[in-house]
Structures are given as structure tokens and as C-alpha cells.
> 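Just passing along the structure, written as C-alpha cells.
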Number of protein chains: 2
Amino acid sequence: MSIRHGLLALLERGPRHGYQLRAEFDAATGATWPLNVGQVYSTLDRLERDGLVAQDGDPDPDGRIAYRLTDTGHAEVRGWFASPVSPKGAPRDELAIKLALAVTTPGVDVLSVVQTQRTGTMTALQELTRLKTRAAGDDLAWSLVLDSLVFRAEAEIRWLDHCEARVARAAAARPQNAVVPVSTTGPAVRR
Amino acid sequence: MSIRHGLLALLERGPRHGYQLRAEFDAATGATWPLNVGQVYSTLDRLERDGLVAQDGDPDPDGRIAYRLTDTGHAEVRGWFASPVSPKGAPRDELAIKLALAVTTPGVDVLSVVQTQRTGTMTALQELTRLKTRAAGDDLAWSLVLDSLVFRAEAEIRWLDHCEARVARAAAARPQNAVVPVSTTGPAVRR
DNA sequence: GACGTGGGCATACCGAGTATGCATACTCCG
DNA sequence: CGGAGTATGCATACTCGGTATGCCCACGTC
């Protein structure tokens, strides 16, 4: 859903054609999440089909097609900015799933999984701070996106510490659960 | 990619068929990211095609097909747990994109967007803490997933405060860009 | 001045993966 | 019989990355 709304927001600045939209999207987010070229066109087709954008007059001698917002499209953009991002639509968090499966799967060393991830996240965090010092002042949008990644990485590290403590505590509480083969314990195998 | 690896990790416990896999996945994550039933089967087909799982013997009188890990599949699971989640594969962050576009689009009141989002996130956070007190001790995996969501929401709020400060500072630096009411100010409708 | 070569712009298509929903079938149970 | 739960498969739509195609322009060369 974010591409759809992203393109609409960019069109709020005025009519654009596909290639321009891709370039401005990349510029706004500092190429953190580069937008695939082909995707822009299919998304534009869908937006036109749904009546949120329309071709801006002439197909252009060079074959370029500029799009502009319709009234419905304008309303959609305003509504997007006026409403918070729903927490329900959050995508699957791969790391959380991985840890959740690690603690419930026998024979997996959860502590080492946590430690591996922490060093990985720390490395990413250092890379981020390096980027931030380089391109600090000039581009506000790009800088905010970087900050978002930093805040998220820091939260991830805190969460990993938290997991380590809780897992260690649970392991100490009942050390007999060393390695249990689960083979037969499926829930409610009907016959 | 997370579904693929998730199913593999579940099969590490022993042979299962599709419906069971879905049920156990939902149980592990506390139905936070419910797994679509149809998706399990198509993913299993792809895994079988790629040689990571194999049908476990008989097609079963009731038509059920149980799958088990192959040696390649085992290796894949071990590799997944042994390597950190890559920061490059992070999905597009809708909120970050929204803010980045808000600050670069004329006629959008960034401060009100930030405040709307903050109240929304706070509400979600309260809901999470309520859930956490209810189902705290019994299920470690589900509890860790909840904590992950809490840590993330807190980081989001911190980031929103940070954004507010930076935007306010930037606005103070060049106050001619005051605040244009969003309703009528469609920028540059060319004709 | 003619040529062709390479690079940037712009659009379009393809294949694989992801996601959701619907149709089906079968069993158990009231 | 009809509804709920188990189990599988198909249809559809969107995402994503790569790639082909054409076009113009700048450059250098003969």
C-alpha cells in the first residue's frame, strides 16, 4: 500500500510521468528503499483504473504520459496524511518470527542466535551513523529516514538483550527441558 | 522469505501436513501475523520443487499429505538460525516514507501528521500492554513477540518526538514556509 | 558533414513470489 | 439435514526485480 500512496503524494506536487516519479521517490527516501521502475507503471495503471489519477492531456510527441491527481485522488492523499498508519497492517517481522520459532523448536541454541543477531545489528548501526555524519544537514527528509532506521536498530538491540535475559531465566527455571523430540505431539490429529 | 523459513523450522520438529503447519505457526506467534492457509500449500509446493522438503511416504487415506525435511532442508534451517537477519531485506517502512514525503510536499502540515501518528501509536501501545498482562507467563514465544512490538512502538514514539523537534527547528530557520491549510492549496495544477 | 557509439530517459513486459479469498470435500455432531 | 472444524487446491491480484525496446543527445572519428 505504501507505493500507491507514495506516488499519489508525489503527484500532489503537480503532473509527472513515471520515470520522474521514481526519481523523486528515491530522492525523498535517499534511495533507502529504491523503487523498481517497472512497478511504477503497473501501479499507475491501477491508480488510473481506480479513478485516482488521470492522464494529463496529450500523450506527448515523445511518447511520455504525464499523470495528474483527480479529485478523488486529492481526497485520498489528504486522508492518508490525516490518519495514522495502522498497526494492524504491519508486515511480518522476520526477526521476531525467527526468535519465536527458535525458542519453541527443540535442539536450537537460542542464546547463540540472539548473539549472532546482535553483532549483525550493531554492524548495521555503525554503518548508519557513518552515513548520518556524511549527509546530515542538507536533506531533511533523507535525514529523518536515516534516524528512523537508527531508532529501530537501537530498539532491536534492546529487545535482543531483553530476550537473552528472559530465555536464560526460563532455562534456569526448568533445566530438564534440554532436548525433546517432538515427533508425536501434534495438536489434535484427527482421524 | 520469512514464510519459507518459518515452515522449514516447524518441520524441524517432525513431519507435518499443511493445516498443522499453519496452526503451529499461529500458535508460536500468538496469531499476531496469522498465516494464510492457501499460502502454506503453495509454499510447500515450492519447497518440494526446490528439494528442501519431501512428501513423507503415503498420501494418506484421507488425502492428507505429510511433509518432512530433506538433508538440504535441515542444512537450510541450521543456516537460517546461524546467520543474522539482513538489514538490507528490511521491508519498506510506511511511516518513514509518509513522513519523508510529508516534509517534501508543499501544503502538508507535518506537525499535525506527527501528532496524529503519535496518538495512534500510543493507543496501540496501551493495547499491547493490556495483552501482555493477560498472557504473560505461560507462553514464552508469544510473550517475546509481544515485547518486540512494544519495543518497536516505543522507538516509534521517540522517533516521532525527534521528528517534531527537527521539523520545528527547520521551520523556525526559514519561517516564510509557514503553514498552508491543506484543503485548497493543491500545488501547481497545471493545465 | 556523415556516421555510429554510448549513455541517460522513458515505457513496457515477463516470471517468480506474496497475499487473500473462495470452492470443495469429508467428518463429526446435534 | 445443516453447521462447525479439518484439509487441500485454485483463481486472482499485487509486489518485485530484471530486462527488452525505443528514443534522443553528446561525443568522437573519418
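We name chains A, B, ... by the order of the sequence lines, and we start the count at 1 in each one.
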> Quickly work out the B/I65 CD1 to C/dC26 P distance and round it to whole Å.
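It works out to 15 Å between those atoms.
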> Considering every strand and a 4.0 Å limit on heavy-atom distances, what is the contact class for B/R49: base, sugar-phosphate, or nothing?
sugar-phosphate
> For A/L35 and D/dC14, give me the distance from atom CG to atom P, rounded to whole Å.
16 Å
> Please report the distance, rounded to the nearest Å, between CG in B/L47 and P in C/dG17.
10 Å
> Distance check needed: C/dT24 P versus B/Y19 OH, whole Å only.
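After rounding, the gap between these two atoms is 18 Å.
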> May I ask you to say whether A/R158 pairs ionically with B/E154, meaning some side-chain N is under 4.0 Å from a carboxylate O?
no
> Of A/Y67 and B/Q39, whose closest DNA chain C nucleotide lies nearer the 5' terminus?
A/Y67
> Taking only Lys NZ, Arg NE, NH1 and NH2, and the carboxylate oxygens of Asp or Glu, determine whether A/R16 and A/D56 approach each other closer than 4.0 Å.
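Salt bridge: no.
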> Return the 5'-most residue of the pair A/R4, B/G18 with respect to DNA chain D, ranking by each residue's nearest nucleotide.
B/G18
> Whole angstrom is fine here: how far is it from CG in A/L21 over to C1' in C/dC9?
14 Å
> Between A/D45 and A/R49 (salt bridge meaning N to carboxylate O under 4.0 Å), is one present in this structure?
no
> Rounded to whole angstroms, how far apart are NE2 on A/H17 and P on D/dC24?
15 Å
> Between D/dC14 and A/R46, is there an OP1 or OP2 to side-chain N/O distance shorter than 4.0 Å?
yes
> Whether the A/T104 and B/R13 side chains hold a donor-acceptor pair (N or O, under 3.5 Å, no angle test) is what I'd like checked.
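The answer is yes; a qualifying pair exists.
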> Between A/R4 and A/E76, is there a side-chain N and carboxylate O pair less than 4.0 Å apart?
no
> Rounded to whole Å, how long is the line connecting atom CD of B/Q55 with atom C1' of D/dG9?
14 Å
> Measure from CG on B/D45 to P on D/dT8 and round the result to the nearest Å.
11 Å
> May I ask you to say what B/R92 touches in the nucleic acid, namely base, sugar-phosphate or nothing, with a heavy-atom cut-off under 4.0 Å?
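Sugar-phosphate contact only - B/R92 comes under 4.0 Å of backbone atoms but never of a base.
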> For C/dT11, does OP1 or OP2 lie under 4.0 Å from any side-chain N or O of A/R22?
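Indeed not, no polar side-chain atom of A/R22 lies that close.
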> Output yes when at least one side-chain N/O atom of B/Y41 is less than 4.0 Å from OP1 or OP2 of D/dG9, else no.
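No.
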> For a quick check of understanding: with a heavy-atom distance under 4.0 Å over all strands, which category does A/V37 fall into, base, sugar-phosphate or nothing?
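Contact class for A/V37: base.
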> Return whichever of A/Q20 or B/N36 has its heavy-atom-nearest nucleotide of DNA chain C closer to the 5' end.
A/Q20
